[in-house]
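First up is the structure itself, then whatever we jot down about it.
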2 protein chains.
Amino acid sequence: MKKRFEDFESFLRGRGLKVTRTRALIFEEIFAAPTVHPNAEEIYRKLVAKKKRVSLATIYRTLNLLVKSGLVSAVDLGEDHSHFEPEWDRTAHGHLICLSCGRVQEFSREEIQDAIERIGKEKGFELDKFSIQVFGFCQACGKK
Amino acid sequence: MKKRFEDFESFLRGRGLKVTRTRALIFEEIFAAPTVHPNAEEIYRKLVAKKKRVSLATIYRTLNLLVKSGLVSAVDLGEDHSHFEPEWDRTAHGHLICLSCGRVQEFSREEIQDAIERIGKEKGFELDKFSIQVFGFCQACGKK
DNA sequence: TTTAATGCAAACATTTTGCACCCTG
DNA sequence: CAGGGTGCAAAATGTTTGCATTAAA
């Protein structure tokens, strides 16, 4: 099931929060290009480029709401700031991060998910979520 | 093979850098308690408690050297700062991080490492390193 | 004695917050 | 029109850097 803006609306209404123009714009920026993994600054710059009047503060506040809602995840790509991606309902996935060009590819493997679930069982650890970052060189960069 | 201070000395000498008292102290702090995963601030506080005269700046500078040397890794435990651990020669491992008490357990599984290597091959991605964080509740906290 | 290392304070980068004004419901 | 939302500027964090001084080699 694909998450859409209505899910964010429900989340906000359920907490007595308001559905605003700015929140919709930020939501759009993340969901319209799911492979981009933008950070707060990038979202800000894109909205400014589209002549929207927003502030970084609001972007951070909205990102926090989106993460709390479960519709968006923060991902660590080895930089000193967070990146954000839509959280679709699908097998958990990891990221391949190119140390040369910075390109990010996703992957998902049942076997890894299963192995992690087995580890949780063994150690009596109740799983919530996990993240995997694989660093290296993508096909294009590795060939050089 | 277990890494020891001599390895750090070789690294430093090989680059024309100096083996100093402060660098030894910081190295010790990380290697003496490998399960601690301290952050820069914690290392600083422990050394101050031991009446050592150090600055956070030197700790950060030394941590950067240790990471470059490959003797120490920076690990992301979901907080807004890095933690550090000795990088022993062993199968790559992941961390189970308790969202309630913050305790960190390690795990390692050949099958995960193999799966990631297979993914690299498939995508023509030349692997360098990977990290896995599993968030959830440890046995003690989960029972409550 | 030469060159790197250190502590300190200032600079940085990212993210959060206080406040006066604005907009949604 | 009441209460949350917003932009702006200031604050809070974590980390890095410039500089004068100290200490390895």
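Order of the sequence lines fixes the chain letters, A, B, ..., with proteins taken first and strands second; residue numbering starts at 1 for each chain. This one's a predicted model, so the numbers in the text were calculated from it and none came from an experiment.
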**Asked** Under 30°, 30 to 60°, or over 60°: which ring-plane class applies to Phe8(B) and Phe11(B), parallel, tilted or perpendicular?
**Response** parallel
Rounded to whole Å, how long is the line connecting atom [atom1] of [X] with atom [atom2] of [N]?
{"X": "Glu41(B)", "N": "dG14(D)", "atom1": "CD", "atom2": "P", "value": "7 Å"}
{"X": "Leu56(A)", "N": "dA9(D)", "atom1": "CG", "atom2": "P", "value": "13 Å"}
{"X": "Glu42(B)", "N": "dT13(D)", "atom1": "CD", "atom2": "P", "value": "16 Å"}
{"X": "Phe84(B)", "N": "dG14(D)", "atom1": "CZ", "atom2": "C1'", "value": "11 Å"}
{"X": "Arg23(B)", "N": "dA25(D)", "atom1": "CZ", "atom2": "C1'", "value": "13 Å"}
{"X": "Leu65(A)", "N": "dG4(D)", "atom1": "CG", "atom2": "C1'", "value": "11 Å"}
{"X": "Leu17(B)", "N": "dA25(D)", "atom1": "CG", "atom2": "P", "value": "11 Å"}
{"X": "Ile59(B)", "N": "dT16(D)", "atom1": "CD1", "atom2": "C1'", "value": "14 Å"}

**Fill in**
The first and last nucleotides of DNA chain C lying within contact of chain A, meaning any atom under 4.0 Å from one of its heavy atoms, run from dT14(C) to dG25(C)
**Asked** Is there a path of hydrophobic side-chain contacts, each under 4.5 Å between heavy atoms of I, L, V, M, F, W or Y residues, that connects Val36(A) with Phe27(A)?
**Response** no
**Asked** With the 4.5 Å side-chain cut-off for hydrophobic clustering, are Phe107(A) and Val134(B) part of the same group?
**Response** yes
**Selection residues 46-56 of chain B - residue pairs positive for salt bridge (Lys or Arg N to Asp or Glu O under 4.0 Å), sequence neighbours left out** = Glu29(B)-Lys50(B)
**Message:** Taking Leu63(A)'s backbone N and O only, do any of them form a donor-acceptor pair with Lys68(A)'s side chain (distance below 3.5 Å, no angle check)?
**Reply:** no
Going by atom type alone, with no hydrogens or angles, which donor-acceptor pairs under 3.5 Å involve a side-chain atom of residues 72-80 of chain B and a protein atom two or more places apart or on another chain?
from: Ser73(B); atom 1: OG; to: Glu87(B); atom 2: OE1; distance (Å): 2.3
from: Asp76(B); atom 1: OD1; to: Gly78(B); atom 2: N; distance (Å): 2.8
from: Glu79(B); atom 1: OE1; to: His81(B); atom 2: NE2; distance (Å): 2.7
from: Glu79(B); atom 1: OE1; to: His83(B); atom 2: NE2; distance (Å): 3.3

**Between His93(A) and Gln113(A), a side-chain donor and acceptor under 3.5 Å** = no
**Request:** Assess the side chains of His95(A) and Gln133(A): does a donor N or O sit below 3.5 Å from an acceptor N or O?
**Result:** no
Please tabulate the protein-to-nucleotide N/O contacts below 3.5 Å involving nucleotides 17-21 of chain D, giving atom names and distances.
from: dG18(D); atom 1: O6; to: Arg61(B); atom 2: NH1; distance (Å): 3.3

**Asked** Reckon Asn39(A) touches a base, only the sugar-phosphate, or nothing at all at heavy-atom distances under 4.0 Å?
**Response** nothing
**Asked** Under a 4.5 Å cut-off applied to non-hydrogen side-chain atoms, are Cys138(A) and Cys101(A) in contact?
**Response** yes
**Prompt:** Do other residues, nucleotides or ligands put more than 12 heavy atoms under 6.0 Å from Arg21(B) CZ?
**Reply:** no
**Prompt:** Does Arg21(B) have a side-chain nitrogen or oxygen under 4.0 Å from the phosphate oxygens OP1 or OP2 of dA24(D)?
**Reply:** no
**Message:** Taking the nucleotide of DNA chain D with the nearest heavy atom to each, does Arg13(B) or Ala40(B) sit closer to the 5' end?
**Reply:** Ala40(B)
**Given DNA chain D, 5'-ward residue of the pair Asn64(B) and Gly16(A), judged by closest heavy atom** = Gly16(A)
**Fill in**
In short, Cys98(A) meets Cys141(A) closest at the heavy-atom pair SG-SG, 3.7 Å
Distance-only check: which donor-acceptor pairs under 3.5 Å involve side-chain atoms of residues 54-62 of chain A, not counting sequence neighbours?
from: Ser55(A); atom 1: OG; to: Thr58(A); atom 2: N; distance (Å): 3.3
from: Ser55(A); atom 1: OG; to: Thr58(A); atom 2: OG1; distance (Å): 3.2
from: Thr62(A); atom 1: OG1; to: Thr58(A); atom 2: O; distance (Å): 2.9

**Request:** Give me the bend of the helix from dT1(C)-dA25(D) to dG25(C)-dC1(D), using the axes of the five pairs at each end, rounded to 10°.
**Result:** 40°
